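Remarks on the structure that follows.
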Number of protein chains: 2
Amino acid sequence: MSSAHEVAAVAQRIFVERGFDATSVDDVAAAAGISRRTFFRYFPTKADVLFVDSPREVERFRAGLAAGRTGESWRARVVRAVVEALEFPPEERSWAFHRAQVFFAVPAVQAHAVRVWAAWRQLAVEHARTVPHADPLFPLAVGHAVLAATLAAHEHWTRHPGEELGVLLARMLDLLLPPDGAAG
Amino acid sequence: MSSAHEVAAVAQRIFVERGFDATSVDDVAAAAGISRRTFFRYFPTKADVLFVDSPREVERFRAGLAAGRTGESWRARVVRAVVEALEFPPEERSWAFHRAQVFFAVPAVQAHAVRVWAAWRQLAVEHARTVPHADPLFPLAVGHAVLAATLAAHEHWTRHPGEELGVLLARMLDLLLPPDGAAG
DNA sequence: TTCCGTTGTGACACCCGGTGCCATAACGTG
DNA sequence: CACGTTATGGCACCGGGTGTCACAACGGAA
């Protein structure tokens, strides 16, 4: 009764009930039946509880970028990779949604998300380097566009839970990814 | 000898010398000749020292957006407002550059910047709402594009100090701001 | 001058997130 | 059973941040 995921599940429930800031690590540890010290062995910081699945998502994003389809434009590939990486099975959707809610309700968590998602940016930058473009700033712009679109889509999602996250991600990326620029 | 700007100047010097994390608030307070408690009356958090001028920059951004020129496209207006807001007189350039360096060297500071720049995003979103566009996600996308471009330009700037921040901002915004979409 | 209210400052205690260190319990292996 | 490894817990500590109180500095009014 003490895998990282189980502790995270307990923690997230309390966060939603009582609020992130109003919940101390001791509270979570007590509720999960572990000691405070053990909590910090599972998660480097309190906010990291909300990002248990982050490594898996990053890996899916990386795999999605690598899995090219013939005739697929770089934009289409990035969009597909992001959407696939953030697709959740139905039973995880409410978890993902609660996580997004806490994101935008608690500035500290939102700030932490940026750190966690730096890996996304890096992968996107490396991918964009393979695309010929007139402006040398292009790869960095793609990296930040991926991050911004992910954040923006989640932000909109928290305010319109009925809409599909995947659709929102695709539309945001379509708005934010730089245009092609063989000559710029 | 204890205005907020004077304390900030002392703090920034120590941060650059010794590093942000390796410098405690007590160190800064002692160096500035004030007590720890007084420091926290000047600045809500340690990281806020780096953002003394933030309110002024936000105000300049707001004013820049409001000051429309006849025949100016919304994109041109946003670009001009951002560039003007982040233009520094020569004697402040090195301060701005050091601040940018600390940004990207210290995750905690980078995280804090996101919080501070939420005001920018909000202003940009409101401005974008006045622009007709087929996709209702457009205003939010503009807001995040402004933020992403600012971050990206600063990131590139820290690695290429010789280039002009204003030029980098304009180019990044050109890459990241969504295209027009009267029909989308 | 004295009295008084306001404001800025400092000192102290406290909470909480995070870490290093050490003791010990749990476990598989010989 | 004895052993080494690993997971866990307890403890002390650091640093950021806050609430509370005491006191000094200052200016105005009598």
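All chains are named by letter (A, B, ...) in the order of the sequence lines, taking the proteins before the strands, and each is independently numbered beginning at 1. As the structure is a computational prediction, the values presented were derived from the model and not from experiment.
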Listing time: all N or O pairs from protein to nucleotides 15-17 of chain D that are below 3.5 Å?
residue	atom	partner	partner atom	Å
D:dG16	OP1	B:K46	NZ	3.0
D:dG16	OP2	B:V25	N	3.2
D:dG16	N7	B:R36	NH2	3.2
D:dG17	OP2	B:K46	N	2.6
D:dG17	N7	B:R36	NH2	2.3
D:dG17	O6	B:R36	NH2	3.1

Residue-phosphate contact under 4.0 Å: B:T38 side-chain N/O, C:dT9 OP1/OP2: no
Pair B:R56 + B:E59: basic N to acidic O under 4.0 Å: no
Interatomic distance, B:I34 CD1 vs C:dT9 C1' [rounded to whole Å]: 10 Å
Under-4.0 Å salt bridge between A:E57 and A:R62: no
Residues B:R69 and B:E84 bridged, charged N to O under 4.0 Å: yes
Under 3.5 Å, which donor-acceptor pairs link side chains of residues 12-35 of chain A to any protein atom two or more places apart or in another chain?
residue	atom	partner	partner atom	Å
A:Q12	NE2	A:W95	O	3.1
A:R13	NH1	A:E17	OE2	3.4
A:R18	NH1	A:D27	OD2	3.3
A:T23	OG1	A:G19	O	2.7
A:S24	OG	A:D26	N	3.4
A:S24	OG	A:D27	N	3.2
A:S24	OG	A:D27	OD1	3.4
A:S24	OG	A:D27	OD2	3.2
A:D26	OD1	A:R36	NH1	3.4
A:D27	OD2	A:S24	N	3.1
A:S35	OG	A:R37	N	3.3
A:S35	OG	A:T38	N	3.1
A:S35	OG	A:T38	OG1	3.1

Centroid-centroid under 6.0 Å between B:F97 and B:F103 rings: no
Distance test, side-chain N/O of B:Y42 to OP1/OP2 of C:dT9, below 4.0 Å: yes
A:D27 CG - C:dG17 C1' separation (whole Å): 13 Å
Whether B:F43 and B:F39 hold their rings parallel, tilted or perpendicular, with breakpoints at 30° and 60°: tilted
Under 3.5 Å, which N/O atoms of the protein pair with N/O atoms of nucleotides 21-25 of chain D?
none

Atom pair distance, as rounded to whole Å: CZ in B:F43 and C1' in C:dT9: 16 Å
Check ion pair B:R80-B:E72 (N to O, under 4.0 angstrom): yes
Residues B:F104, B:W157; criterion ring pair (Phe, Tyr, Trp, His ring centres under 6.0 Å); working and verdict: CA-CA 11 Å; B:F104 295 99; B:W157 190 39; over 10 Å; no
